[in-house]
Undergrad: 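Okay, handing you the structure first.
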2 protein chains.
Amino acid sequence: MKIQLTDKIIKRLTLYHCILFDYIEKNIEFISSPQIAKLLNIDDSQVRKDIKLLNNTGKCKVGYEVKCLKKSIEKTLGFEKPKNAFIIGAGNLGMALAKYTNFQDYGLNIMALFDNDKRKVDVIVNFKKVFDVEKLPDLAKKLNVEIAILTVPRSYAQETADFLIKSNIKYIWNFTPTVLKVPNDVIVWNENLIGNFLHFTSSHN
Amino acid sequence: MKIQLTDKIIKRLTLYHCILFDYIEKNIEFISSPQIAKLLNIDDSQVRKDIKLLNNTGKCKVGYEVKCLKKSIEKTLGFEKPKNAFIIGAGNLGMALAKYTNFQDYGLNIMALFDNDKRKVDVIVNFKKVFDVEKLPDLAKKLNVEIAILTVPRSYAQETADFLIKSNIKYIWNFTPTVLKVPNDVIVWNENLIGNFLHFTSSHN
DNA sequence: ATTTTATTGTGATTTATTTCCCTATTTGAT
DNA sequence: ATCAAATAGGGAAATAAATCACAATAAAAT
């Protein structure tokens, strides 16, 4: 039976990973499920069950080996096999994401940016070049990129998505406040910053 | 009985809102639950149940009134009563968020940015000023701000959070890849960009 | 006027997720 | 050597979320 990692599980695993990173910096060798649970305000059996999915085992009275557990998470979440992506829209958000060095640690490789504004073309951001959007189909094929991070203004979102799909992009990480219409074989993830914000500011009052 | 809006419901409501915005642009007056459901790949009864929570009713064979439904969502999610926030860390991400004009439409008001780098102090971004972080406790009190958007480098995350908590900040929207230790009366939302990314690129293979 | 069709609203069912609780194990203390 | 304490592992129960199924209704078609 193949285990399906749901978004909830993945979210927790990345948080465990943050904690483990911290423990390694502090040279702590072992970590227990109640310790993790307390930091995240969740149940400790939840933590153990998540860790079980990684095929990682712990030691009673001691806990889990920090380095080993961190490696397991990285392996399970695929940090070691890099995924190549383009950023479409070299505006504020696109540029900021291009500069965000953390992505590389998690196996996300930004290969290039694209924009239709000639003034932005050829600019270099964090060793990544901005290309004219016309070059995209060709480069996507050459570099074998099928992930696009969409950071164009909302009014261009759908037409840009259509263009990406024609260029054989299969995954669209959508930062625009738009619901895109796409064929069945294209996966969209709507990044919903404001939704998260609304939830956390309204959840405790 | 008070209805608790969970993060899933809020996420869906914001997506419905995007769709409704689009319909208004196109001058379409009515929308049905199967139409919304199809765009989002979810069940239509789910949509109806969400809309029920807004105390909004539809008409058989016709659907829901677009403008009215959009207003209901805005009211329920509190778009009309602005929430004031500070951005802590005027780096790439902090600056990009400050420039992100969409936030205002959703009731999130960025009042100012803070940084400890003297070269960044007094810079103006999108009509918002960068202040020395020392000024924060005072300004938080004066402007009645209790929400902080944390975009500092990971190595400063915990100490900055401690400082924010001392300054009476109650909500921390954490963009750093760190699990923060905070007292019980402080709410943290870990923005997990990479977790979302990992989920959507791995969910269909 | 009657039938067909599309849709809402909602109870029942199913599925997914989390929490509870107990047993076995390991370590450290007595 | 024995006991106490902390923890992993995992089945059972509880809770939450999504889907299914269908009656009621309203518009459009015949």
Side-chain angles (χ1 to χ4, degrees), chain A residues 1-16 19-20 23 28-70 72-73 190 192 195-196 199 203, chain B residues 1-16 19-20 23 28-66 68-70 72-73 76 192 195 199 202-204:
Chain A
M1 187 196 69
K2 202 190 162 193
I3 305 127
Q4 180 60 42
L5 292 179
T6 64
D7 54 348
K8 293 196 176 197
I9 298 174
I10 291 176
K11 168 143 200 179
R12 284 196 300 269
L13 288 177
T14 54
L15 291 174
Y16 303 165
I19 294 170
L20 294 168
Y23 267 59
I28 303 173
E29 254 189 286
F30 290 94
I31 191 166
S32 71
S33 57
Q35 275 169 16
I36 296 176
K38 203 185 166 198
L39 281 168
L40 298 173
N41 264 315
I42 57 175
D43 197 88
D44 53 307
S45 71
Q46 176 85 89
V47 176
R48 289 194 294 278
K49 277 175 184 170
D50 288 337
I51 291 174
K52 190 76 202 305
L53 295 175
L54 309 170
N55 290 319
N56 204 301
T57 102
K59 259 166 103 178
C60 283
K61 191 75 199 275
V62 173
Y64 302 90
E65 221 205 301
V66 171
K67 278 182 192 168
C68 173
L69 186 52
K70 182 160 166 277
S72 299
I73 292 175
N190 293 304
N192 200 331
N196 293 339
H199 179 242
S203 56
Chain B
M1 187 194 68
K2 203 192 161 191
I3 307 127
Q4 180 60 43
L5 293 179
T6 65
D7 53 349
K8 295 199 173 191
I9 298 173
I10 292 177
K11 169 144 201 178
R12 284 195 302 269
L13 289 176
T14 55
L15 291 173
Y16 302 165
I19 293 170
L20 294 168
Y23 267 59
I28 304 173
E29 253 189 286
F30 289 93
I31 191 166
S32 72
S33 57
Q35 276 169 14
I36 296 176
K38 203 185 166 198
L39 282 167
L40 297 174
N41 262 315
I42 58 176
D43 196 89
D44 54 307
S45 70
Q46 177 85 86
V47 175
R48 289 194 294 279
K49 277 177 182 169
D50 288 337
I51 291 175
K52 189 78 199 305
L53 295 175
L54 309 170
N55 289 320
N56 205 300
T57 104
K59 257 167 105 180
C60 282
K61 194 79 201 275
V62 174
Y64 302 91
E65 220 206 301
V66 171
C68 173
L69 186 52
K70 182 160 167 277
S72 298
I73 293 175
T76 302
N192 201 332
H199 178 244
S202 71
S203 56
H204 298 257

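Protein chains get the first letters and strands the later ones, always in sequence-line order, with residue 1 at the start of each.
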Undergrad: Compare the minimum distances between each of C:dT8, C:dT27, D:dA18 and the side chain of A:K59, then state the nucleotide with the smallest one.
TA: C:dT27

Undergrad: Within this structure, what is the CG-to-P distance between B:L69 and C:dT8, rounded to whole angstrom?
TA: 11 Å

Undergrad: Ignoring hydrogens and angles, are the base of C:dT5 and the side chain of B:K61 linked by a donor-acceptor pair under 3.5 Å?
TA: yes

Undergrad: Atom CD of A:E65 to atom C1' of D:dT7: distance rounded to whole Å?
TA: 16 Å

Undergrad: Using whole Å, what does the distance between atom P of nucleotide D:dA6 and atom OH of A:Y64 come to?
TA: 17 Å

Undergrad: Return the angle between end axes of the helix from C:dA1-D:dT30 to C:dT30-D:dA1, with five pairs used per end and rounding to 10°.
TA: 0°

Undergrad: Give a yes or no answer on whether the side chain of A:D43 reaches the backbone of A:S45 with a donor-acceptor pair at less than 3.5 Å.
TA: yes

Undergrad: Quickly work out the B:Q4 CD to D:dT15 P distance and round it to whole Å.
TA: 16 Å

Undergrad: OP1, OP2 of D:dT7 versus side-chain N and O of A:S33: anything below 4.0 Å?
TA: no

Undergrad: Are OP1 or OP2 of D:dG10 and a side-chain N or O of A:K52 less than 4.0 angstrom apart?
TA: yes

Undergrad: Mind calculating the distance between CG (A:D7) and P (D:dA17) to the nearest angstrom?
TA: 12 Å

Undergrad: Which nucleotide wins on minimum distance to the side chain of B:D43, given the candidates C:dT8, D:dA8, D:dT19?
TA: D:dT19

Undergrad: In whole Å, what is the span from the NZ atom of B:K11 to the P atom of D:dA18?
TA: 12 Å

Undergrad: With a 3.5 Å distance limit and no angle check, can you tell me whether B:T76 reaches the backbone of B:I73 through a side-chain donor-acceptor pair?
TA: no

Undergrad: Taking N or O atoms only and anything under 3.5 Å, show me the protein contacts with nucleotides 11-14 of chain D, one pair per line.
TA:
from, atom 1, to, atom 2, distance (Å)
D:dG11, O6, A:K49, NZ, 2.7
D:dA12, N6, A:K49, NZ, 3.4

Undergrad: Looking at C:dT8, I'd like to know if its phosphate oxygens (OP1 or OP2) sit under 4.0 Å from a side-chain N or O belonging to B:R48.
TA: yes

Undergrad: Could you tell me whether the phosphate oxygens of C:dT18, OP1 or OP2, come under 4.0 Å of any side-chain nitrogen or oxygen in A:R12?
TA: yes

Undergrad: Round to a whole Å and report the spacing from CD1 of A:I51 to C1' of D:dG10.
TA: 14 Å

Undergrad: Measure the distance from CD on A:Q46 to C1' on D:dG10 and round it to the nearest whole Å.
TA: 14 Å

